[in-house]
Amino acid sequence: MATATHLCGIKTPIYFSKSNRHSQSLCSPERLSFHSVTELCGAVRVPAQSRGRGLKVVCDVRKNDVLVQTESTIQGLEGSTNKLSCVMKFGGSSVASADRMKEVAELILSFPEENPVIVLSAMGKTTNKLILAGEKAASCVSDASEIDELDFVKELHHRAVDELGLDRSIITDHLENLERLLNGISALKELTPRSRDYLVSFGECMSTRIFAAYLNEIGVKARQVCGFLIACIKLRICEHSCFIFHSQYKDDFNNADILEETYSAVANRLYGDWISDPAIPIVTGFLGKGLRTCAVTTLGRGGSDLTATTIGKGLGLREIQVWKDVDGVLTCDPNIYTGAEPVPYLTFDEAAELAYFGAQVLHPQSMRPAREGDIPVRVKNSYNRNAPGTLITKSRDMSKAILTSIVLKRNVTMLDIVSTRMLGQFGFLAKVFSTFEDLGISVDVVATSEVSISLTLDPSKLWSRELIQQELDNVVEELEKIAKVKLLQHRSIISLIGNVQRSSLILEKVFQVFRKNGVNVQMISQGASKVNISLIVNDNESEKCVRALHEAFFESDLADLVYENGRLPNKC
Ligand SMILES: Nc1ncnc2c1ncn2[C@@H]1O[C@H](COP(=O)(O)OP(=O)(O)O)[C@@H](O)[C@H]1O
Ligand SMILES: N[C@@H](CC(=O)OP(=O)(O)O)C(=O)O
């Protein structure tokens with residue numbers, strides 16, 4: 001019998017139906033019999049209701065994995081007018097309480113023409129509390145019942161369930177398993193990245209269950225969907241309602257990436273469920289399944305944005321909406337300057353740069369699927385739904401654009417590396433960068449001269465991993481074999497997101513502002529990105545700089561030039 005392994009190398013889906021009995025070639029789309037496919041792929045599991053219908057098989061060449069779609073699913077994907085239309089992601093602040101959940105339900109229902117996929121984060125600050133609970137369990141308590149954060153999480157979820165008029169039993173198993181897990185961590189006195197991911201997954205599992213139950217309670221048919229498989233089995237959630245967000249090849253816990261095959265898995269599951277039994281899917285954000293370990297992984301803090309854009313691309317939806325607690329992407333972090341204003345339009349490149357360089361409002365990787373699928377992303381405020389928000393698209397008219405937003409990334413480490421000329425310049429740069437590659441540390445901003453290089457190190461590979469002193473010592477020790485190295489800590493990157501074509505105007509203003517405030521720029525990088533100029537200053541000067549820059553660019557005579565005016569149409 002041939003197994004799925006023999007299907008490796010197939011680039012296109014194979015089609016097969018009950019009537020066509022045998023496969024001829026496996027190199028192009030083929031019509032095969034159901035019998036042939038079960039013969040070909042011993043492991044393939046075909047949903048009972050699909051037997052006798054046309055099926056589409058997608059082979060995952062790396063994993064010996066086979067996905068099956070019914071032909072009606074495919075027709076649903078391609079033709080139905082009643083198909084899933086957009087994805088709406090609601091962050092923790094949008095679903096922080098029962099009242100918030102009621103408002104979100106009302107908001108969703110205010111778009112009766114949409115058939116949305118809903119992605120939810122954990123309620124409020126649940127993820128932070130779970131991480132703290134895990135750290136306490138691993139360090140200082142002998143029993144989970146002593147952990148205040150566990151009480152907080154229980155109380156928050158019980159209160160929400162009670163106030164929504166639901167039965168507490170919908171989360172009883174989860175809370176019991178959570179306590180058991182914390183006791184396990186406490187017994188081992190160890191919180192590994194893997195167990196940390198499993199621990200935080202309880203947040204999204206519970207918020208989605210509660211919200212789906214509430215929608216059903218008010219007569220809106222909804223289905224909770226887990227973004228991972230293994231934890232669903234552990235949590236005894238019906239396997240039928242699960243699909244897989246595969247994480248990176250390496251199973252990077254706390255920091256997973258989306259594998260290509262995720263998109264078809266998402267489409268397969270969500271459309272399959274929708275066609276066989278239409279109900280609003282309520283999907284756990286943030287969670288994935290490790291490819292090698294099959295364990296629960298997370299997509300990095302704020303990863304529900306990435307879940308939403310992945311679903312958007314997987315299903316080829318019309319629009320991706322991310323609902324937050326601010327009126328869109330703002331001209332700077334409102335926690336630094338309360339006068340920050342919404343930015344009406346952004347390109348994917350601008351949004352990606354802004355997110356990567358520290359704007360908490362979007363997950364750093366979240367623009368990738370949207371850009372690849374060319375699906376507009378709208379950032380909206382669930383507390384102020386009439387605000388137009390920010391529309392992020394592939395391109396926009398940049399002719400009048402100067403500066404769009406100012407972003408701050410604090411606590412950055414900078415290295416000044418001067419060659420001791422033991423290596424020629426080619427060898428020198430190569431050696432410097434291979435050192436970082438070997439140590440798994442990514443570099444953010446770079447400036448070079450003939451014999452020296454200044455660069456900043458990303459404090460976390462994405463967001464989660466702090467660069468610890470020992471890692472920094474290793475970097476310096478390695479580089480000192482070929483160079484003199486100066487390690488400068490407590491620096492900040494101020495990123496000016498906008499139209500780099502107008503750099504002379506931008507930089508003229510920036511240096512005026514800095515001179516007036518007595519701030520010296522320690523490093524500058526411009527040109528590599530067409531939408532970002534990065535400046536390095538001391539941490540303790542950085543917030544003052546952002547405020548002064550904001551005033552100069554967005555609140556002075558220049559503001560008329562900077563604002564590309566033209567507001568968004570007030571439509572969701
Ligand atoms: N440039 C920015 N624009 C908008 N919000 C920002 C910006 N920089 C930082 N923020 C912060 O990001 C928060 C929204 O992101 P996040 O907390 O991840 O939302 P959610 O949890 O709702 O998905 C805002 O409350 C705001 O404090
Ligand atoms: N709950 C996760 C994932 C997430 O996306 O959250 P939010 O949408 O609230 O930023 C976190 O706190 O990181």
Side-chain angles (χ1 to χ4, degrees), residues 88-96 100 104 118-132 153 196-197 199-208 227 245 254-256 283-288 296-310 320-344 346 350-351 353-366 377 379-384 387 389-390 392 403-410 460 462-464 494-498 543 546 549-550 554:
M88 292 178 162
K89 177 256 167 170
F90 294 90
S93 59
S94 299
V95 291
R100 291 298 309 152
V104 167
I118 307 298
V119 174
L120 294 191
S121 299
M123 290 179 70
K125 301 278 172 220
T126 299
T127 308
N128 290 354
K129 295 285 181 192
L130 289 172
I131 292 170
L132 264 174
V153 169
R196 190 168 173 267
D197 272 0
L199 177 66
V200 295
S201 72
F202 283 81
E204 271 69 11
C205 278
M206 290 193 287
S207 64
T208 48
F245 271 86
N254 307 161
N255 190 22
V283 185
T284 55
F286 183 47
L287 308 179
V296 182
T297 59
T298 57
L299 305 174
R301 294 307 305 269
S304 302
D305 295 338
L306 179 55
T307 309
T309 54
T310 302
I320 297 158
Q321 298 170 4
V322 284
W323 291 80
K324 309 252 164 191
D325 59 352
V326 276
D327 282 350
V329 176
L330 305 179
T331 43
C332 76
D333 183 343
N335 302 302
I336 296 176
Y337 184 59
T338 46
E341 286 271 317
V343 177
L346 281 174
E350 287 175 299
E353 204 77 6
L354 191 136
Y356 181 78
F357 279 94
Q360 189 203 329
V361 66
L362 291 169
H363 182 278
Q365 301 298 319
S366 59
V377 177
V379 183
K380 294 272 291 174
N381 190 349
S382 70
Y383 289 78
N384 180 19
T390 300
I392 308 171
L403 199 68
T404 312
S405 188
I406 305 167
V407 185
L408 179 61
K409 195 173 199 175
R410 295 185 190 80
S460 53
L462 270 180
W463 282 14
S464 51
I494 296 178
S495 296
L496 305 170
I497 310 298
E543 291 201 3
V546 171
L549 288 170
H550 195 281
F554 298 106

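Atoms within each ligand, like the ligands themselves, are counted from 1 in listed order. The first residue in the sequence is number 1, and the count goes up from there.
- Side chains of Arg100 and Ser93: a donor-acceptor N/O pair is absent below 3.5 angstrom, by distance only.
- Applying side chain to side chain contact (heavy atoms under 4.5 Å, CB included) to Asp305 and the options Ser121, Pro364, Ser366 leaves one that passes, Ser366.
- Side chains of Asp197 and Thr298: a donor-acceptor N/O pair is present below 3.5 angstrom, by distance only.
- The shortest non-hydrogen separation linking Ser304 to Glu204 is OG-OE2, 4.1 Å.
- Under the salt bridge (Lys or Arg N to Asp or Glu O under 4.0 Å) criterion, Glu350 pairs with Arg396, sequence neighbours left out.
- The shortest side-chain heavy-atom distance between Glu341 and Leu330 does not fall under the 4.5 Å cut-off.
- Applying the side-chain hydrogen bond (donor to acceptor under 3.5 Å, both in side chains) rule to Asp327 yields the partners Asn381, Asn384; only residues at least two apart in sequence or on another chain are considered.
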Per-pair distances, ligand 1 N/O vs protein N/O, less than 3.5 Å:
residue: ligand 1; atom: 1 (N); partner: Leu330; partner atom: O; Å: 3.3
residue: ligand 1; atom: 3 (N); partner: Leu330; partner atom: N; Å: 2.9
residue: ligand 1; atom: 17 (O); partner: Gln360; partner atom: NE2; Å: 3.0
residue: ligand 1; atom: 22 (O); partner: Ser93; partner atom: OG; Å: 3.3
residue: ligand 1; atom: 23 (O); partner: Lys89; partner atom: NZ; Å: 2.7
residue: ligand 1; atom: 23 (O); partner: Lys324; partner atom: NZ; Å: 3.0
residue: ligand 1; atom: 25 (O); partner: Asp325; partner atom: OD1; Å: 2.7
residue: ligand 1; atom: 25 (O); partner: Asp325; partner atom: OD2; Å: 3.3
residue: ligand 1; atom: 27 (O); partner: Asn335; partner atom: ND2; Å: 2.9

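- Leu408 has its side chain within reach of Glu543: a pair of non-hydrogen atoms, C-beta onward, lies under 4.5 Å apart.
- The aromatic rings of Trp323 and Phe90 sit parallel, their planes meeting at an angle under 30°, below the 60° perpendicular limit.
- The contact shell of ligand 2, taken as protein residues with any non-hydrogen atom closer than 4.0 angstrom, comprises Lys89, Gly91, Gly92, Ser121, Ala122, Thr127, Glu204, Phe286, Arg301, Gly302, Gly303, Ser304.
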